[in-house]
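Each chain gets a letter, A, B and so on, in the order the sequences are listed, and its residues count up from 1.
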2 protein chains.
Amino acid sequence: MATIEDVAREAGVSVATVSRVINQKGPVSPKSVEKVHVAIAKLNYQPNVWGRRLRRQESRMILIFVPNISNPFYASIVSGIEDTMKKDGYGTMLCITNGDKSREEDFIKLLYDGQADGAVILCIDKNDRNIGKLAKEFPIVQCCEYCVGEDISHVSVDNFAAARQVVQYLTSLGHERIGFVGSVNQFISSEDRQKGFEQGLKEAGLSVDQACFAYADADYSFNSGILAGKELLSREERPTAIFCISDVLALGVIRAAHNLGLEVTRDLSVVGFDDVEYATMLSPMLTTISQPRYSLGKTSAQMLIRQIESGEQGGGVYLEHKLILRESTARH
Amino acid sequence: MATIEDVAREAGVSVATVSRVINQKGPVSPKSVEKVHVAIAKLNYQPNVWGRRLRRQESRMILIFVPNISNPFYASIVSGIEDTMKKDGYGTMLCITNGDKSREEDFIKLLYDGQADGAVILCIDKNDRNIGKLAKEFPIVQCCEYCVGEDISHVSVDNFAAARQVVQYLTSLGHERIGFVGSVNQFISSEDRQKGFEQGLKEAGLSVDQACFAYADADYSFNSGILAGKELLSREERPTAIFCISDVLALGVIRAAHNLGLEVTRDLSVVGFDDVEYATMLSPMLTTISQPRYSLGKTSAQMLIRQIESGEQGGGVYLEHKLILRESTARH
DNA sequence: ATGAAAGCGCTAACAG
DNA sequence: CTGTTAGCGCTTTCAT
């Protein structure tokens with residue numbers, strides 16, 4: 001592998017000049033630039049990243065923390081982040097924690113030993129105790145979920161408004177008894193969606209009846225959606241519509257309904273959240289809230305870069321969601 | 001950030017001794033070890049990776065090439081690779097190409113400029129023209145798919161045998177007219193599954209009738225599965241069972257059947273491949289071939305490490321698949 | 001506009 | 001067993 005010295009020798013200039021050309025920084029005569037370019041091409045030279053990073057004390061690398069990658073929700077967020085970072089010369093490392101604390105710590109070490117300049121976090125409990133400390137030491141942006149109580153940059157949709165909109169839509173279809181399937185997790189999105197749901201109920205003059213609420217496991221799994229749906233639909237006065245805080249849960253509820261001999265949409269309307277790919281793979285196709293996932297990622301990346309390069313931290317950005325009408329909802 | 005020199009000063013020894021302690025290599029007196037450890041703890045010292053990598057000329061980093069992460073098939077393969085690499089002190093970078101040549105090239109550059117020591121490739125055409133050259137320069141392992149014609153290490157299941165087994169199972173249920181939904185992609189797995197399917201047919205004394213074959217788009221998408229299913233099921237003499245080379249395709253076929261007023265399993269049995277999560281999320285749950293995904297990843301990683309550390313390249317390893325019987329198949 | 005040289009933090013060869 | 005020292009490849013003063 002050719003080094004900068006080889007290039008300098010080949011071009012008949014000093015290594016300093018070569019460095020100036022590579023980094024397009026500092027005065028160099030057009031003639032030298034030309035010679036250096038020729039030499040670089042001839043030797044097929046590529047700057048050694050370790051030498052550069054050692055010298056510059058920066059990694060030009062950022063981390064993306066994600067709990068798992070099986071969740072199709074993350075894919076285009078990650079693309080949005082990667083594309084945006086790459087444009088600014090940053091590399092990206094996907095840190096898949098699988099909910100495992102020790103893995104998480106291993107990845108955080110990358111920040112401490114300088115292998116990464118900052119991180120985007122895609123999944124965090126609203127009351128997390130550690131993120132505050134981390135954000136004080138490193139540039140951090142939270143995407144989709146965030147920790148309340150600490151002023152750490154975050155970007156997401158307005159979950160409250162989205163849920164409220166769902167209720168408005170459902171009541172406009174004539175539904176008056178509307179159920180809610182949440183999750184016992186600790187995400188701010190779950191909380192906000194429930195608050196928005198309740199607000200929507202109140203605005204429509206409907207009562208907030210605890211018998212209309214059911215909660216799935218923290219993992220949002222399909223199976224726990226079936227359970228929650230079964231629970232809700234087996235109660236005395238059955239809702240005619242159910243809002244679920246995620247598509248997978250909604251799929252579970254539909255299955256539960258089916259198991260109970262109920263038909264969507266004749267007996268029940270169902271609304272999901274996220275608009276993941278398989279929301280359209282089932283029959284009926286799911287009515288759901290779509291989040292601008294690529295933009296969510298892109299915006300997070302932009303905020304992170306700004307933070308890395310100028311140090312400003314904090315504040316929230318909210319992007320537009322969209323209610324997608326499909327086949328799982330109908331007039332009551 | 002403390003450097004090795006700070007530690008040496010604090011411990012009252014030379015940097016060489018500190019280095020020996022850190023790397024547990026070379027003779028050091030117990031007393032020195034102790035002193036160094038104390039100093040390291042006191043200063044909260046962490047070796048600078050750039051200095052180390054520059055000096056050692058190695059990255060202890062490997063690449064995983066994956067076309068996308070929305071495909072749930074990849075998640076646990078990736079975990080298998082990451083866990084195994086980490087155990088040997090290697091970091092991992094997930095390179096999501098999204099089928100984009102320029103992205104791919106960006107990632108390959110990481111190999112050329114020394115940011116990574118090798119790569120696991122999760123998706124490659126059987127006739128790829130570039131992988132051979134790459135594998136001559138760097139340690140490479142292909143996982144699940146591989147390029148024929150070049151002797152580059154690979155690990156996968158025996159797709160031929162698996163498909164053949166599916167046919168045996170289907171004929172044992174009394175099916176005599178069995179359809180095949182493939183894809184026009186260029187993966188060795190697709191080819192082998194089709195060959196195995198045809199072999200199974202022959203062994204059962206059934207004819208290989210072109211009217212029983214249909215092909216989905218190269219992207220294996222749900223929609224193209226619907227199309228292929230529709231095509232196949234609309235032909236004159238309809239198959240009573242269909243083997244699909246992927247679960248998503250199988251889901252599409254089931255949907256197509258449903259659209260045509262056919263009922264699985266009364267009118268049609270369907271078998272998939274891969275056993276991805278949502279194979280169980282639909283009704284009926286899918287009968288399918290399960291691949292040992294975590295082990296596939298783990299084995300790939302082990303082969304890659306061996307290759308990095310001792311240079312040996314080539315050869316194939318085949319792991320056991322499993323036929324998972326669920327609800328989408330029945331006696332004819 | 002250019003070059004000489006110091007030094008980023010670490011490892012390893014060598015001398016003791 | 002320990003220390004000294006020469007770089008790994010690069011960037012960046014500081015002279016010129």
Heavy atoms only, 4.0 Å cut-off, all strands: where does [X] land among base, sugar-phosphate and nothing?
X: A/R20; answer: base
X: A/S19; answer: base
X: A/V13; answer: sugar-phosphate

Practice task
For the pair A/Y146 and A/H154, name the ring-plane relationship: parallel under 30°, tilted 30 to 60°, perpendicular over 60°.
Solution key: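 Plane angle under 30°, so parallel.
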
Exercise for the section: Return the orientation label for the A/F138 and A/Y112 ring planes: parallel under 30°, perpendicular over 60°, tilted otherwise. Expected result: perpendicular

Nearest-Å distance, [atom1] ([X]) to [atom2] ([N])?
X: B/N23; N: D/dT2; atom1: CG; atom2: C1'; result: 16 Å
X: A/Q46; N: D/dC8; atom1: CD; atom2: P; result: 19 Å
X: B/K35; N: D/dC1; atom1: NZ; atom2: P; result: 14 Å
X: B/E5; N: D/dT5; atom1: CD; atom2: P; result: 12 Å
X: A/R60; N: D/dC10; atom1: CZ; atom2: P; result: 17 Å

Measuring from the side chain of [X] (C-beta onward, heavy atoms only), which nucleotide among [options] has the closest atom?
X: A/R56; options: D/dT12, D/dT2, D/dC10; result: D/dT12
X: A/T3; options: D/dG9, C/dA1, C/dT11; result: D/dG9
X: B/N48; options: C/dC10, D/dG3, C/dT2; result: C/dC10
X: A/I4; options: C/dT2, D/dC1, D/dT11; result: D/dT11
X: A/R55; options: C/dA1, C/dA6, C/dA4; result: C/dA6
X: A/L54; options: D/dC10, D/dG3, C/dC8; result: C/dC8
X: B/V15; options: C/dC10, D/dT5, D/dG3; result: D/dT5

Do any side-chain nitrogens or oxygens of [X] fall under 4.0 Å of OP1 or OP2 in [N]?
X: A/S32; N: C/dT2; result: yes
X: B/Q57; N: C/dT11; result: no
X: A/R52; N: D/dG9; result: no
X: B/S29; N: D/dC1; result: no

Practice task
Examine distances only and state if a side-chain atom of A/Q302 and a backbone atom of A/T84 form a donor-acceptor pair shorter than 3.5 Å.
Solution key: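 Between the backbone of A/T84 and the side chain of A/Q302 there is no qualifying donor-acceptor contact (under 3.5 Å).
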
Problem - Most 5' of B/A16 and B/W50 on DNA chain C, judged by nearest nucleotide - result: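 The answer here is B/W50.
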
Handout entry: Donor-acceptor side-chain pairing of B/Q313 and B/S153 below 3.5 angstrom
Key = yes

Handout entry: Side-chain touch A/Y220/A/F187, heavy atoms, less than 4.5 angstrom
Key = yes

